[in-house]
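Have a look at the structure below before the remarks.
Quick caveat, the model's predicted, so the values are computed rather than measured.
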Amino acid sequence: MDKFYFESFKTFFKIGAFTLGGGYAMIPIVESEVVDKHHWLTREEFLDIIAIAQSCPGVLAINMSVFIGYKLRKIPGAVCSMLGTALPSFVIILLIAMFFAQFKDNAVVESIFRGIRPAVVALIAVPTFSLARKANITLTTCWIPIAGALAIWLLGVNPVVIILLAGLGGYLYGKFVTPTES
């Protein structure tokens, strides 16, 4: 049997088990494992997978693991990577659900969660800035994600509308503004 399946399951299990803060907090760890350590993808391929995974419904970490596994070993690779990512969270949530009633009003537990919340915000902010740099967002183009975020947050615009408008804008920019190579 191909060694990849065990290695990808182990890699994504480790990522799923030791990353707090959700999919965006996982991005630098997934990149480190998939691009730097195992060389399964190039940085450009990884950035493309993030863009695709974000635009698909579902959990970002699961989407990324499915796309990475599929790119490398089709459906068996996708299943193996996805199970590695999902299994730790499933087990942890199952254990929490079993014992939550016993510690939900505990002052120590409440304090711990109060301390974790700001750290999770930082874990989400770091990959956001890293992705912006890799996507070549500059001071001249930073208004685009800011305007999109404000439209969603303040005006209640549906994120799908923002994605469609950004895609249309990118297409029009590439077609009419960017000079084409002959």
What is the minimum heavy-atom distance between [X] and [Y], and which atoms define it?
X    : Y    : result
P57  : N63  : O-ND2, 3.4 Å
W40  : E45  : O-OE1, 4.5 Å
L60  : A53  : CD1-CB, 3.7 Å
V108 : N106 : N-OD1, 2.7 Å

Measure the spacing between [atom1] of [X] and [atom2] of [Y] and express it to the nearest 0.5 Å.
X    : Y    : atom1 : atom2 : value
M64  : M82  : CE    : CE    : 14.5 Å
I29  : T11  : CD1   : OG1   : 12.5 Å
C56  : I62  : SG    : CD1   : 13.5 Å
H39  : E33  : NE2   : CD    : 11.0 Å
L150 : W143 : CG    : CH2   : 12.0 Å
I49  : E44  : CD1   : CD    : 12.0 Å

same_hphob_cluster([X], [Y]) at 4.5 Å side-chain heavy-atom cutoff:
X    : Y    : result
F113 : L95  : yes
V120 : I112 : yes
I144 : L172 : no
Y171 : L165 : no
L72  : I52  : yes

Check: [Y] and [X] side chains under 4.5 Å, non-hydrogen atoms:
X    : Y    : value
Q54  : Y24  : yes
I68  : V30  : yes
L87  : F13  : yes
F12  : L83  : no
L47  : L131 : yes
I137 : P145 : yes
F67  : S81  : no
I152 : N158 : no

Using modelled atom types and a 3.5 Å cut-off, is there a donor and acceptor pairing between side-chain atoms of S32 and backbone atoms of P28?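 No; judged by distance alone, with no hydrogens or angles, the pair does not exist.
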Check the surroundings of atom CG in L94: do more than 12 heavy atoms from other residues, nucleotides or ligands lie under 6.0 Å from it?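 Enclosed: over 12 neighbouring heavy atoms sit under 6.0 Å from CG of L94.
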Salt-bridged, K134 to E31, with N to O below 4.0 Å? yes
Taking only Lys NZ, Arg NE, NH1 and NH2, and the carboxylate oxygens of Asp or Glu, determine whether D36 and R43 approach each other closer than 4.0 Å.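 The answer is yes: the pair qualifies as a salt bridge.
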Verify side chain to side chain contact (heavy atoms under 4.5 Å, CB included) between T128 and I27, making sure each step is shown before the conclusion. CA-CA 9 Å; T128 300; I27 290 172; over 6 Å; no
